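Keep in mind the model is a prediction, meaning the values are calculated, not measured. Starting from 1, each residue takes its place in the sequence as its number. Atoms within each ligand, like the ligands themselves, are counted from 1 in listed order.
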Amino acid sequence: MASSVRRIGVLTGGGDCPGLNAVIRAATKHALFHGMEVLGIEDGFLGLIENRVRPLGYEDVSNILTLGGTILGSSNKADPKKYPTGVDAKGQTVYSDMSETCLRHIEEHGIDALVVIGGDGTMTCAAPFIERGVRCVGVPKTIDNDLWGTDLTFGHLTAVEVATAALDRVHTTAASHHRAMVVEVMGRNAGWIALSAGIASGSDAILLPEIPFGTENVCEFVRARSTRGKRFSIICCAEGAHPRDRDKIVERVDPSSPDPIRLGGVAKWLAGEIERCTGIESRYVVLGHVQRGGTPTAADRVLSTLFGDAAMRLILEEKFNRLVAWRGGSLTDAPMLESAGRQRVVPHDHAMIQAARCIYTCFGD
Ligand code: F6P
């Protein structure tokens, strides 16, 4: 083995998604194959702060390929740079920089390289460690598929399958009852899930965060369909979609999270508007975390296995601080720090948008 790395640490950060265990499995088995030791860090960067680390052997990662979630646990709240450590006299949360603590734990455990599996928030958390000399490789995760530097993140294709299956089911009940149905899928800033699932399910309208919609346009579209004898309409709506004259609808603010905004509610609001404006009975469905849970599809199992394997190849080649990436239909890698805090949104001229427009799909613009 050419690499000087003897022991790797693996962590999964941010919101979970299908395929995390498949990546852990592939990276761990590949590392063991080369005689390395693997340490699993629990709950993402939180485990590094709290020193919760455990060895991963062959049996620990056996039979987890199809398992949803992550055997290591995850956290989308623990940024070592800004970690809540108490409350001051005014009741305000006090934050501390726990980077030194994490660095000490990395050193104590003899971790030579860190496999960081996560999205833009997790890559942002890794940045200070890269700058301090910790050797990292990143694996791009998120159902939203919005990570800069890769055309595809693992977990996304499964979320699209789940959303499509749900839209298909909504389709038949909407047709039976002559209703408009608004289905809210995940996607805060990027509408990749809504766009793909919307096209795959033959949704009549697709609303994306990238294209603010005119509420009157959507209502008119539903009314016109009804006039033509299409007495139902399916609207696939990203949670981050919003009307031109209104911001995204926030469901809750979680101050304990580095990214405190949780979106939700646009489908409920829009269904109400459609019913009010058109007189057509309208209902809504919020798919939520159903899109994040459960077993990965075959395509995601393959992609996750390729990604876990590619992370180990980068380590073996000592190509550190790179993000495993999928570009132009093949595996490659990109600078990890370039992905930190950056997002890949849907371009307005994307082929999927062009194709959808030409089959009369409404984007509300
Ligand atoms: O980024 C992935 C994602 O699933 C978003 O689509 C969604 O807005 C967010 O995470 C939900 O986060 P939480 O699990 O904290 O509610």
Would you mind listing which atoms of ligand 1 come within a distance below 4.0 Å of any non-hydrogen atom of [X]?
X	value
R292	3 (C), 4 (O), 9 (C), 10 (O), 11 (C), 12 (O), 13 (P), 14 (O)
E239	5 (C), 6 (O), 7 (C), 8 (O)
N76	15 (O)
G187	6 (O)

Notebook entry, point to check: Do R244's NZ or CZ and the ring of F213 fall within the cation-pi criteria of under 6.0 Å and 45°?
Noted result: no
Notebook entry, point to check: Which option out of E251, R188, R262 puts a heavy atom nearest to atom 1 (O) of ligand 1?
Noted result: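 Looking at heavy atoms only, the winner is R188.
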Item checked: Candidates D120, D259, D146 - the one meeting salt bridge (Lys or Arg N to Asp or Glu O under 4.0 Å) with R188 -> D259
Notebook entry, point to check: Under 4.0 Å between a Lys/Arg side-chain N and an Asp/Glu carboxylate O for D112 and R135?
Noted result: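 Answer for the salt bridge query: no.
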Margin query: Between D300 and H156, do the side chains contain a donor N or O and an acceptor N or O under 3.5 Å apart?
Written below: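 Absent: no donor and acceptor within the cut-off.
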Item checked: Check: R292/T158 side-chain N/O donor and acceptor closer than 3.5 Å ->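 Distance-only check fails for R292 and T158.
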Note to self: Please list the nearest protein heavy atom to atom 6 (O) of ligand 1 with its residue and the distance rounded to 0.1 Å.
What the structure shows: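 I find the closest protein heavy atom is D144 OD1, 2.8 Å.
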Checklist line | ligand 1 contacted by H289 (non-hydrogen, < 4.0 Å) | finding: yes
Notebook entry, point to check: How are the rings of F45 and F129 set to each other: parallel, tilted or perpendicular (split at 30° and 60°)?
Noted result: parallel
